[in-house]
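Values below: all heavy atoms of this structure, side chains included; hydrogens, waters and symmetry mates excluded.
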Amino acid sequence: MVLKGDPGKQMDYGCILMRTQGPESLNHILQPPRYVRLFEHHAYDMLLFGMIWIYIVSSHTSQLHKAGSFLSEAGVLPIHFTRTKTEQFIAGLGKRLRKMGVI
């Protein structure tokens, strides 16, 4: 994709952008990419610029119901709000990092 200069179709490798609930910001936290399962799909998420970026890398991404959730070929990237409050997200991230031995 990068070498060919061809990003492919919207559903090839979907990108979802999410923000946590509440007035608190995640701008001061960075999380490196990590492998996750999202609705039976292979994905990687990371925390950058106060947002949770999720890239779906499954070969069956086209089966996802919410095509409008991804970065579109027109360059539109919807921002979704999670059900998780910011402080809950930070606590969960801390637990995961502790389990990994990072902190």
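- Heavy-atom minimum distance, Ala43 versus Ile56: CB-CD1, 3.9 Å.
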Passes side chain to side chain contact (heavy atoms under 4.5 Å, CB included), Asp45 versus Gln31? Steps please. CA-CA 8 Å; Asp45 73 350; Gln31 172 194 314; 3.2 Å; yes
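- In terms of the ring pair (Phe, Tyr, Trp, His ring centres under 6.0 Å) criterion, residue partners of Tyr35 (sequence neighbours excluded) are, by chain and number, His42, Tyr44.
- Contact of the Leu30 side chain with the Leu47 side chain is not registered, since no non-hydrogen atoms from C-beta on lie closer than 4.5 Å.
- Hydrophobic clustering (ILVMFWY, side-chain heavy atoms < 4.5 Å, transitive): Leu17 and Met46 are in one cluster.
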